Amino acid sequence: MSQFDALRLIVLLMVAGLVFPGFLYALKRLNASKRLRNLALWLGIALIIAFLYQFSGVGS
């Protein structure tokens with residue numbers, strides 16, 4: 001793993017540490033059906049952002 005990849009991993013973990021508690025709080029406030037729909041929506045958004053990031057050449 002190169003230094004650039006290690007720094008990318010560290011930043012990813014830091015962002016996840018900032019976003020994850022708020023995400024869990026938002027999930028606790030919803031009932032089961034809305035929770036599942038909301039989770040699928042956020043995973044879809046994350047997947048689209050990951051594909052755009054991967055194929056746009058920003059990371060390379």
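From a predicted model like this one, the values you see are computed outputs, not experimental measurements.
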Under 3.5 Å, sequence neighbours excluded: what are the donor-acceptor pairs made by side chains of residues 34-44?
unit_1: Arg35; atom_1: NE; unit_2: Leu27; atom_2: O; d: 3.0
unit_1: Arg35; atom_1: NH2; unit_2: Leu30; atom_2: O; d: 2.9
unit_1: Asn38; atom_1: OD1; unit_2: Trp42; atom_2: NE1; d: 3.2

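- Annotation for Pro21 and Ala16: closest pair CD-O, 4.3 Å, computed over non-hydrogen atoms.
- Applying the 4.5 Å side-chain rule to ILVMFWY residues, one finds Val15, Val19 in the same cluster as Val11.
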